[in-house]
Structures are given as C-alpha cells and as structure tokens.
Amino acid sequence: MSQTNESQSHSSLARGNRSVWYDRYGNPVTPEKPRERTFTGVSPHSRRRRRTEISQKPTETEAPNELRETPEAETVPETATPSVPNEEEAVAEPVAQCSPEDVSEPAPEVLPEEVRKEKDPEVKATPRPKKKRSGLASFAKLYLMPLCVLAAGGVMLFGRERVPDLPVYDMDAMESHRPYTYIGSFNRDFADLNDLQLEAAKRIGIRPAATRAELRTRDGLVPVSESTSLTIDRLTHSEALLVPQAAVLLNEIGAKFTSVLSDAHLPLYSIIVTSITRADEDVQKLRRGNGNASDNSTHAYGTTFDISWRRFQKVDPNDPRNLSEEELKHLLAIVLADFHDAGRCYIKHERYQACFHITTIK
C-alpha cells in the first residue's frame, strides 16, 4: 500500500475502515477480525515516533548517514495473528529506528540566558513575571490610597483655618500725638455736692427699694448693657439699672470718649462703670465697711452712676500702642466737662473712691 493510503488510513475519517495496522515494532499487520485488533501500533510516519527519534541526538563521531536502515517489514500472512511479546522482552528490545528520509533536522540546542546574552548581545532579557498581590494589598491600592489622597486634598483646601486680616496700626499717629491734658482743676471744676445731686435725683428718679429683688421689679428703670465704649465692672453692691435719662447720658459719655480716640487714630479704650443703682440693703452693707458712705445716697434713685478715672478697658488687646492712665483720666475729664457745661449732669470728683460721681439732671 502506498504512503498516501497509509496516511489516509490513519486519518480521523478512515479509522473505522483501516486496512493496515502496525504492531509495537512498526511492522504492518492485517488481522482478520476486528476483535483481534488488540494492539494499536505506532506507525513509522507517526509524530510520536518522530519525536522519540529526534530526541536521540547523534554523537560527534557518528554521521547522520550512518543510521541503520529500518529493516523491511516481514510479510505476515493474513490468517496469522500478531505475536505480542511479553513485557520483559518488550523492555529489552530497542525501539526500531526510522529511515534517514523520515528524520527531520535536530532540534536547536537550548542555551541558558546568560550564555545567549554573551553570544548575541541583541538578545533581551526575559522580564520577570510580576508577583501577584494579596487581597489586602490590592484593596489598599484600589480603595484606601485614593481615599487618603482625597481626604488630604480636602483638608488642604477646606480644612485650613482662615487667618483673619490683621488690622493696620497707625504708628505715625502715636509718634505725632501730643498727650491729652485737662486745663483746669478736677476738685474745683467737678465739685457738685451731694445735696445738689440729691435734689435732682428725687425730682426725676424712682422711689428707693428696700431689697435687690424689689429693685429688679420696680417700674421706671431700664437695664444698662455693655458695648465697645462701655464696660460694667463686677457689681457687688448695686444693680445695672437706671432711669432712661441716666442710661442715655451714660452711653453718650462712653461713645464720646471712644470717638475722640478713634478720630485721632489712637488705641481705643472704654470707660468702666463701678457702681450704679443700689437698694437700701446695699447701702447698709457699704456703711459697715466704709464710713464715708452716705445714708441718703443718690444711687438709690436710679439717676446716678460712678465712672472710674483710674482704670480703663483696652478695646483691642493686640494693639501694641498704649496710653497711660493719667492721660486717659485727663481725656475723660475733657469729655465730662462738655456734658457738665451743657447742663446735662452734676459731677463730683471723688479722690478716695477714684471715680467721677455723676447724676443726670434732665
């Protein structure tokens, strides 16, 4: 049978109608019955046999043309059954070699990567396979790192505390400023006695209250609140309540005092009120520790308040510029003189109490 027929007999379409079979030694056999086809031999033209023979490299002394020729296949009668040697004989006998025409070129020699680099410098090194990251590392790279970057960016953009613009202080105004000086005498110019002030207090004031609780519920009084130009001291023997005329006068004095400093571009200060309206129980407590306290004080009528001439409250504590207390006392005297000359109030300069005792007139 020709080679074409043999290759066709081994095709996937002709396996059921094979006319030639091969034993384990490559000899063609033709069994009579299909049940006798117990062994499927390897054809000399099969790929598996070629791979086996190609792997057996010829030695240097042995030329390719010296290969032994494949022995001719013995003719087996059609009635004979193929003889299958036992396992020991099959192992001992060598595998038959194919003809020189069927031997393909020997496989190229596989050299290590270092040797190939030396022989052929153009050969590039094979990149190492990347290591597989664990699940935790992949989660951190895909989710945690972007979240951290976004959080850091948000903090940089929106989390920064806004620094307020610092005010500009006029240092030239302080250098060219001439200290305030009151032209006159504190004791002579502000010497309205208690009898004069008491007469005005009884005329426009309220009826004295016996206790603090009664004073808070008394009609005709308004609360006095703090502002930029007015600071109320810790009141221990009085309440921050005044008749409306006295409350307006007090706020005007504080605003006038601060505006003079502002117009001159000087550091701002506010006046401090040390005493306002007292109840009878407050007056009795004061008389126990202070013998100069009057039993019939104008503070009981809600028309009188005391302004300290020794202490002043700085509006901006960060302002590096400062004015002395003596200069501020002279400025306060200048402001009070204007209200006194306008007939708005009576004023008494109290040396020991370090305050101006003021009672509204109208």
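The figures here come from the full heavy-atom set of this structure, side chains too, leaving out hydrogens, waters and symmetry mates.
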Answer whether the closest heavy-atom distance between the side chains of [X] and [Y] falls below 4.5 Å.
X: L193; Y: L198; value: no
X: S275; Y: H237; value: no
X: D316; Y: Y169; value: yes
X: E327; Y: T181; value: no
X: I204; Y: T360; value: yes
X: V260; Y: I334; value: no
X: H330; Y: F186; value: yes
X: L336; Y: I358; value: yes

>> Working to the nearest 0.5 angstrom, can you tell me the gap between H299 NE2 and D282 CG?
In response: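 So the gap between those two atoms works out to 11.0 Å.
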
>> What's the separation between atom CE in M174 and atom CG in D319, rounded to the nearest 0.5 Å?
In response: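 The CE atom of M174 sits 8.0 Å away from the CG atom of D319.
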
> Would you call the rings of H177 and Y180 parallel, tilted or perpendicular, where under 30° means parallel and over 60° means perpendicular?
Replying inline: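 Ring orientation of H177 relative to Y180: tilted.
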
> Which of parallel (below 30°), tilted (30 to 60°) and perpendicular (above 60°) describes F190 and F356?
Replying inline: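 Correct class here is perpendicular.
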
Work out which heavy atom in [X] is nearest to a heavy atom in [Y]; give both atom names and the distance.
X: R278; Y: D306; result: NH2-OD2, 4.1 Å
X: T303; Y: A201; result: OG1-CB, 3.1 Å
X: A264; Y: A173; result: O-CB, 3.9 Å
X: G302; Y: A246; result: O-CB, 4.0 Å
X: G254; Y: I271; result: CA-CD1, 3.7 Å
X: I232; Y: V224; result: CD1-O, 3.3 Å

> Between F312 and F257, is the gap from one ring center to the other below 6.0 Å?
Replying inline: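 Ring-ring flag for F312/F257: true, centres closer than 6.0 Å.
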
> Under 6.0 Å between ring centres, would you say that holds for H357 and H349?
Replying inline: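 No, too far apart.
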
> Do other residues, nucleotides or ligands put more than 12 heavy atoms under 6.0 Å from R203 CZ?
Replying inline: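 More than 12 within 6.0 Å, yes.
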
> Hey, mind stepping through N251 and L230 against side chain to side chain contact (heavy atoms under 4.5 Å, CB included) and telling me if it holds?
Replying inline: CA-CA 7 Å; N251 285 285; L230 181 64; 3.9 Å; yes

[X] bridged to [Y] by N-O distance under 4.0 Å:
X: D338; Y: R344; result: no
X: R218; Y: E214; result: yes
X: E239; Y: R216; result: yes

>> Side chains of T231 and Q313: any donor to acceptor distance under 3.5 Å?
In response: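 There is no such pair (donor and acceptor under 3.5 Å, judged by atom type) between the side chains of Q313 and T231.
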
> Hey, which of L249, T359, T274 is the one that makes side chain to side chain contact (heavy atoms under 4.5 Å, CB included) with F305?
Replying inline: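 Checked L249, T359, T274 against F305; only one passes side chain to side chain contact (heavy atoms under 4.5 Å, CB included): L249.
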
>> For Y182, does the six-membered ring have the charged nitrogen or CZ of K329 within the cation-pi criterion, i.e. under 6.0 angstrom from the centroid and within 45° of the normal?
In response: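 Output no; distance or angle outside limits.
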
